[in-house]
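Because only heavy atoms are used, hydrogens play no part in the values below, and waters and symmetry mates are left out as well, while side chains stay in. Throughout, protein chains are lettered first and strands after them, A, B, ... in sequence-line order, and every chain is numbered starting at 1. Owing to the predicted nature of the structure, the values given are computational and were not obtained by experimental measurement.
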Protein chains: 2
Amino acid sequence: MSTVMEPRLSKGEATRERILEIAEAAVLSKGFGATSIEEVIAEAGLTKSGFFYHFKDKNALAREMLRRYVATNDQLFDEIFARGRALSDDPLQAFLISLKLLAETMADLPSGHPGCLIASICYQERLFDREVRELTAQSVRDWNARFRTILDGIAAIYPPREPVDLDDVADMLSCIVDGAIIMSKTLNDPKKLERQIMLFRSCIKLMFAP
Amino acid sequence: MSTVMEPRLSKGEATRERILEIAEAAVLSKGFGATSIEEVIAEAGLTKSGFFYHFKDKNALAREMLRRYVATNDQLFDEIFARGRALSDDPLQAFLISLKLLAETMADLPSGHPGCLIASICYQERLFDREVRELTAQSVRDWNARFRTILDGIAAIYPPREPVDLDDVADMLSCIVDGAIIMSKTLNDPKKLERQIMLFRSCIKLMFAP
DNA sequence: TCCATAACTGTACTCATGGTACGGTTTCTC
DNA sequence: GAGAAACCGTACCATGAGTACAGTTATGGA
């Protein structure tokens with residue numbers, strides 16, 4: 001899809017990356033509390049001492065995992081919404097294009113979306129310190145604000161038919177995605193996610209299209 | 001709201017109920033893997049022997065928790081959609097009323113929705129046996145089918161404006177609710193849930209209302 | 001009122017795992 | 001080649017799941 005310029009990683013940074021990737025997959029499939037450091041280091045091929053050299057404790061691992069996750073997602077959104085704007089000057093059309101791109105991106109994931117780390121953390125809040133919880137909340141607020149900005153641009157040109165609160169509509173996208181990921185995973189049907197995004201797209205059309 | 005006829009519980013059943021309630025709250029706030037039997041029995045005021053008298057192991061606890069959760073939710077939906085039908089003969093109006101009732105029910109929860117057990121389990125799938133996973137999948141399928149039936153009744157009278165797949169629309173409700181619960185918990189803002197349900201209601205109006 | 005059984009308690013284990021502490025060793029990197 | 005970065009090994013403690021089993025108390029029906 002997109003070739004990202006990876007800055008050359010030192011050996012330590014590469015190991016950290018490897019640990020974070022393995023840990024994320026484990027956390028998304030069994031939860032943070034049930035993810036043992038032992039299994040992570042076994043898969044990463046290093047010892048417990050090696051692990052604790054990189055991460056002070058499990059909470060430090062969680063923080064870095066989350067930072068990584070948020071950064072990756074931010075980048076994805078930047079890309080998708082920039083492409084939408086590049087393909088149409090009309091804000092509504094641009095958004096509809098971006099949503100289609102988002103749906104396609106999700107559909108292209110080989111074995112379905114692996115899960116949303118923020119959702120996972122939300123269902124295990126008591127395990128994390130305030131910093132982690134604040135980070136999740138802030139990233140959600142940022143995403144909502146981003147969508148809200150887009151919707152403002154649309155509503156300025158196309159007044160909504162039904163009286164809807166644009167903040168709620170902005171929130172809706174995250175809700176749909178998170179909810180659809182859960183349904184996809186629960187029913188073992190990866191297609192649910194892209195279908196729900198496309199349905200949200202239809203709702204946007206119904207709300208704003210003349 | 002509604003007075004449910006509780007069949008008189010024997011002492012053992014009452015203890016089981018108490019354990020399940022405490023365990024559910026713990027699981028929803030810290031995850032299944034991180035919920036220790038010790039803390040559950042401490043809060044329930046009984047010993048480890050007492051616990052294992054009621055539940056063979058932790059997975060048996062999970063199964064019963066889930067059964068309880070699904071039954072409670074089924075009952076809630078039965079009630080809400082029956083009331084909707086009672087208040088209007090028009091299937092669309094009945095559904096809109098039911099959605100409003102659902103939103104109000106969610107708004108009335110004292111400290112926000114405690115969380116969806118199915119979502120929690122979905123993010124810890126590897127911890128559970130096939131029976132538990134099959135139970136979650138089946139309950140989601142049942143709920144989707146229930147909504148689909150309602151939508152069929154609506155679409156028979158009010159053909160949808162935009163070409164939408166009714167299965168997707170049916171799925172959307174669960175997605176919205178699950179997603180909004182996550183956002184409510186993450187942002188510590190209980191109102192998100194009811195607002196999203198009301199927004200879904202607006203979308204239904206936009207899709208079907210003449 | 002009695003008795004069988006349900007509903008527990010108490011004690012005493014095993015085993016796996018998270019996490020800590022710390023000294024030593026290898027491997028980069030400049 | 002030196003110094004720092006990136007580890008390894010070992011030993012240790014606390015906690016939690018789960019087992020075993022004998023004993024005790026409460027309950028509810030005949």
Practice task
Just jot down the salt bridge (Lys or Arg N to Asp or Glu O under 4.0 Å) partners of A/Asp167, sequence neighbours excluded, or say none.
Solution key: A/Arg148
Practice task
Output every pair passing ring-ring contact (aromatic ring centres under 6.0 Å, His included) with a member in residues 184-208 of chain A, not counting sequence neighbours, ordered by first then second residue.
Solution key: none
Handout entry: Under 4.0 Å protein heavy-atom contacts per nucleotide of nucleotides 14-19 of chain D, with B for base, S for backbone only and - for none
Key = --SBBB
Handout entry: With sequence neighbours excluded, residues passing salt bridge (Lys or Arg N to Asp or Glu O under 4.0 Å) with B/Arg126
Key = none
Problem - side chain to side chain donor-acceptor pair (under 3.5 Å) against B/Arg63, all qualifying residues, sequence neighbours excluded - result: B/Asp129
Handout entry: Residues in ring-ring contact (aromatic ring centres under 6.0 Å, His included) contact with B/Phe128, at least two apart in sequence or another chain
Key = B/Phe32
Practice task
Check whether any side-chain N or O of A/Thr15 sits under 4.0 Å from OP1 or OP2 of D/dC7, and answer yes or no.
Solution key: yes
Practice task
Could you state the atom-to-atom distance from CZ of B/Phe55 to P of C/dA7 in whole Å?
Solution key: 12 Å
Practice task
Figure out the CZ/C1' separation between A/Arg18 and D/dA6, and round it to whole Å.
Solution key: 12 Å
Practice task
Could you tell me whether A/Arg18 and A/Glu21 make a salt bridge, using a distance below 4.0 angstrom between a side-chain N and a carboxylate O?
Solution key: no
Completion exercise
Between CG of B/Leu46 and C1' of C/dG10 the distance, given in whole Å, is 13 Å
Completion exercise
note: A/His54, atom NE2; D/dA5, atom C1'; distance rounded to Å ~ 9 Å
Practice task
Mark yes or no for a side-chain to base donor-acceptor pair under 3.5 Å between B/Ser49 and C/dG10, with no hydrogen or angle criteria applied.
Solution key: yes
Problem - Spacing between A/Arg16 atom CZ and D/dC7 atom C1', to the nearest angstrom - result: 14 Å
